[in-house]
Amino acid sequence: MNDETNILDYLNQAELDGIRKFMHGRKTPFLVINLKQIAKNYEELVEKLPYAKVYYAIKANPENEVIKLLFAKGSNFDVATIYEMQQLFDLGIPAERMSYGNTIKKEEDIDFAYKHGIRLFATDSITDVHKLARKAPGSKVFFRILTEGGNADWPLSRKFGGNPDMIYHLIIEAKRLGLVPYGLSFHVGSQQREIGQWDIAISQCKYLFDAVKSSGENIELKLINLGGGFPTNYVKPVQSLDVYAQEITRFLQEDFGDNLPEIIVEPGRSIAGNAGVMVSEVVMVSKKSVLNQYGWVFIDAGKFGGLIETIDESIKYPIYVEGVNSNKGGADFVLAGPTCDSMDILYEDYKYKLPESIKDGDKILILSTGAYTSTYSSVYFNGFPPLPTYIVKDWESCEEVK
Ligand SMILES: *Cc1c(COP(=O)(O)O)cnc(C)c1O
């Protein structure tokens with residue numbers, strides 16, 4: 001266990017200097033999102049998976065500037081609620097660019113989506129299929145299959161999807177009710193480190209494609225939605241996107257030959273993650289007893305201020321104390337947030353190495369915090385305001401866009 005990585009492994013000197021200038025004199029905590037990195041992440045994904053249509057999962061980071069940029073680049077959007085839909089409509093994004101990817105929906109919300117022109121829906125239960133048949137007749141539906149989420153840093157298993165045996169029956173029923181059974185989807189779990197998880201899920205898709213084809217119901221599935229799960233760079237090393245793309249393409253070809261179905265991907269974390277830097281400040285450094293082995297560092301960003309994915313220490317963000325360039329040779333510390341809730345401890349089992357001289361007022365950079373942070377930030381717990389977010393063109397200039 002160590003994370004004595006140099007900050008320069010994540011940012012080059014010019015980028016770091018830009019961020020330093022930007023944070024000077026600004027009240028912490030806050031998040032900075034770099035649009036250039038968002039664009040780069042999107043372009044890389046499209047380059048590596050040229051046959052896939054991208055539906056950005058906007059819950060990862062729904063800033064208007066992020067969405068406008070991705071829209072201009074040709075992205076589609078995976079929306080989960082009528083509120084996300086309304087945000088996109090307000091930005092002038094047409095319904096054809098959206099899929100209603102949440103399997104848990106009120107009938108009135110399906111009605112809203114359909115009336116606004118959305119014709120692509122996810123489902124995983126018979127009650128939802130019936131709601132869709134009533135409120136979104138004739139729509140294309142993709143059926144989510146259950147995955148285990150093993151080896152994902154942030155699993156999304158259990159809550160969503162159905163076993164293939166049940167999904168088979170949903171497909172048949174959907175067709176009978178006048179929907180268009182269009183394809184299958186899955187999510188292998190977010191920040192999925194084991195690429196073989198896609199292999200398992202794709203094989204299940206192939207099995208279902210064949211099963212419904214020979215059902216005698218005249219159904220031919222055409223789409224596989226590979227979900228999200230693509231990685232960003234935290235402390236724990238992952239394969240490059242290149243390796244993910246090569247492997248996933250190989251799995252698809254093994255099962256479907258050269259005749260690939262339509263492919264959708266729904267990246268969230270891999271688009272927004274490393275485009276964000278959170279700037280925080282040390283509130284207090286203390287010990288719990290005279291001979292305590294580890295000091296405690298309390299910072300002004302915590303579980304309720306956007307770092308909820310530190311639950312069970314799942315996501316380990318690269319963390320640096322400003323002014324040292326490297327945490328090499330530091331001491332092990334417990335890191336905790338500023339609120340009066342004792343679950344607001346960020347890392348206790350996993351000890352971050354921080355400079356022994358760390359003190360109140362030192363600035364802390366928490367890297368790769370562009371995804372699932374600002375949206376997870378609580379509102380006024382202990383009176384703390386929601387996490388302020390700045391959008392910049394690139395790290396070097398840190399020129400604000402909004
Ligand atoms: C959250 C979510 C995603 C995004 O997953 P990442 O692992 O962040 O890429 C994709 N699809 C669905 C249905 C989701 O709920």
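Below, all heavy atoms of this structure are taken into account, side chains as well, without hydrogens, waters or symmetry copies. Indexing begins at 1, ligand by ligand and atom by atom, following the structure's order.
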Discussion item. I'd like to know if Glu281 and Lys363 make a salt bridge, using a cut-off of under 4.0 Å between side-chain N and carboxylate O.
Written reply: yes
Worksheet item: Going by the order shown, which atoms of ligand 1 are within less than 4.0 Å of some heavy atom of Arg144?
Response: 13 (C)
Discussion item. Under 4.0 Å from a heavy atom of Lys59: which atoms of ligand 1 are those, numbered in the order shown and with their elements?
Written reply: 1 (C), 2 (C), 3 (C), 14 (C), 15 (O)
Checking a contact table here: which protein heavy atom is nearest [atom], and how many Å away?
atom: atom 9 (O) of ligand 1; answer: Gly268 N, 2.8 Å
atom: atom 10 (C) of ligand 1; answer: Glu266 O, 3.1 Å
atom: atom 8 (O) of ligand 1; answer: Tyr372 OH, 2.6 Å
atom: atom 5 (O) of ligand 1; answer: His187 NE2, 2.8 Å
atom: atom 7 (O) of ligand 1; answer: Ser190 OG, 2.5 Å

Practice prompt. Compute the minimum heavy-atom distance from Gly229 to ligand 1 and say whether it is under 4.0 Å.
Written response: yes
Discussion item. If the contact criterion is a heavy-atom separation under 4.0 Å, does Pro267 count as touching ligand 1?
Written reply: yes
Worksheet item: With sequence neighbours left out, what residues match Phe304 under ring-ring contact (aromatic ring centres under 6.0 Å, His included)?
Response: Phe381
Worksheet item: Is Arg269 close to ligand 1, meaning an N/O of one under 3.5 Å from an N/O of the other?
Response: yes
